[in-house]
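Reviewing the structure listed below.
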Number of protein chains: 2
Amino acid sequence: MKQTKISEAVVRRLPVYLQVLNEMVNREIQTISSQDLGNKLDLNPAQIRKDLAYFGEFGRKGVGYDVVYLIEKIRQILKVDQTIKVALVGAGNLGHALCNYNKYSKDNMQITAVFDDHPSKIGTSINNLTVLPMSELVATVAEQKIRIGIITVPAIEAQNVANQFVEAGVEGILNFAPAILRVPDEVRIQNADFTRELLSIAYYLVREGESQDESDLD
Amino acid sequence: MKQTKISEAVVRRLPVYLQVLNEMVNREIQTISSQDLGNKLDLNPAQIRKDLAYFGEFGRKGVGYDVVYLIEKIRQILKVDQTIKVALVGAGNLGHALCNYNKYSKDNMQITAVFDDHPSKIGTSINNLTVLPMSELVATVAEQKIRIGIITVPAIEAQNVANQFVEAGVEGILNFAPAILRVPDEVRIQNADFTRELLSIAYYLVREGESQDESDLD
DNA sequence: TAGATTGTTAATCGATTAACAATC
DNA sequence: TAGATTGTTAATCGATTAACAATC
């Protein structure tokens, strides 16, 4: 149990490794080196080796990493070797999209309950799940042992939903609303607000009338 | 034009500042200090001052930052003081969701064209936009001076769509598909794949049977 | 003036990369 | 054995934070 404190940067790379490795399996590639992985992802091979080495010795010197074995190990690290249940609040288009994505995903993360407080939504069905009113959130989370909450409601309602998730005892929240949410330190919050993403892409646009290649060497 | 190389970390914080500042405007707050901003966002005030100082002197000593003025400046930095046109490929639920979000957003980023190659989608209407076939992508991007592309198609089709966006000459791509895309260096690519986000949240879950508080002090 | 807060330099901290012995 | 590639230590690089003079 050498548990050095693992940085967030490392944790965010693990799912990316998993993605590439899953592609490898599909193409029936059995072994991959940090070099190959690095090429695919534009990452330094030493970084990849170091990332993995935080958690154990998964490779073989002179050979590389066994793809299937490494997938198994990364799944363990990310704790998705077990099924993780997820609740979603907000049965709009985005909520629908996530439920569908989820259906086809082979990770062990399952959206098992959907909530919405709009009368027009309650009782409708998404992907075999009946949309429940918010009043049932706390009980359902407890019953089903749901551990993560997803927020896909308008910004103005997001903090309120977050509060209810916290009350219900989820350990993490994935927030799609463009709002800054306050939750206790022990609850992990992650923002997936696409307006932020778009704005940061805009930064890299070239302003009209400016030359593209000013000392842009690296 | 002091153009030190600005790090990606800085760029990704700017939209967050903008979000808080917009909230301030709504609450008719006129001035904000780096201290206040830092409290709201759990960031070090020195970091915020430094981030802003890369781009100019926007504050007043002893006073703080004028909210409206700072918004204007950050918009300029992010190049959203002008309207930035965006194209979206993939008229599914996620595509719908993004178009709707967009409608209500007050940033100057506008989805002005939607594409999809499924016969059942072509010709339908999303948010006043008619869904066009992929064959019209290149011409439409040129005509409308579209600069950013959003990909909301299944993973397997994503690289193909990316290629077409690149051919059409977009400067940036926001990819929602769980796939690793290859594009030329001059095109900015940003991944917004929610499965990655979910997996990295899972890392922070507490494994059943493990105590939560093992040297978790900081 | 006294108090507050910026912009910026210097110090610290942490993450990435290079290098290489171990070994398959 | 020779070639390849890991795991890991040391070196480098870059980002965050502390501190403080300038000044509103």
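Chain letters run A, B, ... following the sequence lines, proteins first and then strands; every chain starts at 1. Every value quoted in this text rests on a predicted model; they were computed, and no experiment measured them.
For the residue pair A/Glu167 and A/Val138, the shortest heavy atom distance occurs at OE2-CG2, 4.0 Å. Contact detail for B/Leu174 and B/Ala192: the closest heavy-atom pair is CD1-CB, 3.8 Å. Pairing each heavy atom of B/Ala87 with each of B/Ile146, the nearest pair is N-CG2, 3.5 Å.
Across the protein-nucleic acid pair, A/Asp66 atom CG and D/dT5 atom P stand 15 Å apart, rounded to whole Å. Across the protein-nucleic acid pair, A/Ile6 atom CD1 and C/dA15 atom C1' stand 13 Å apart, rounded to whole Å. In this structure, A/Leu41 atom CG and C/dT16 atom C1' are separated by 16 Å, rounded to whole Å. One interatomic measurement links the two molecules: CZ of A/Phe58 to C1' of D/dT8, which rounds to 15 Å at whole-angstrom precision. Across the protein-nucleic acid pair, B/Arg13 atom CZ and D/dT17 atom P stand 9 Å apart, rounded to whole Å. For the pair A/Lys61 NZ and D/dG7 C1', the computed distance is 5 Å after rounding to whole Å. Between B/Leu37 atom CG and C/dT6 atom C1' the separation is 13 Å, expressed in whole Å. Between A/Asp42 atom CG and C/dT16 atom P there is a gap of 15 Å when expressed in whole angstrom units.
For the segment residues 43-52 of chain A, the set of residues with a heavy atom within less than 4.0 Å of an atom of DNA chain D comprises A/Arg49, A/Lys50, in numerical order.
Between B/Asp66 and B/Lys73, no side-chain nitrogen of the basic residue sits less than 4.0 Å from a carboxylate oxygen of the acidic one, so the salt-bridge criterion is not met. Checked for salt-bridge contact, B/Arg12 and B/Asp51 miss the test: no charged N lies under 4.0 Å from a carboxylate O.
Nearest to the side chain of A/Ser33, among C/dG7, D/dT6, C/dT16, sits D/dT6. Distance from the side chain of B/Val63 is smallest for D/dC24 among the nucleotides C/dC24, C/dA15, D/dC24.
Contact check, A/Ser34 against D/dT6: a side-chain N or O comes under 4.0 Å of OP1 or OP2. When the side-chain nitrogen and oxygen atoms of A/Tyr65 are compared with OP1 and OP2 of D/dG7, one or more of them lie within a distance under 4.0 Å.
Judged by closest nucleotide on DNA chain C, A/Glu8 is the one of A/Glu8 and A/Gly62 placed further toward the 5' end. Across the interface with DNA chain C, nearest-nucleotide mapping of A/Ser7 and B/Arg60 shows B/Arg60 to be the residue nearer the 5′ end.
Side-chain contact between A/Ile201 and A/Glu197: absent, with no pair of heavy atoms (C-beta onward) separated by less than 4.5 Å.
Few gaps surround CD on B/Gln144; more than 12 heavy atoms of other groups in view lie less than 6.0 Å from it.
Under the Watson-Crick or G-U wobble criterion, with both distances below 3.5 Å, C/dA21 is paired with D/dT6. Pairing of C/dG14, defined by two Watson-Crick or G-U wobble distances under 3.5 Å, is identified with D/dC13.
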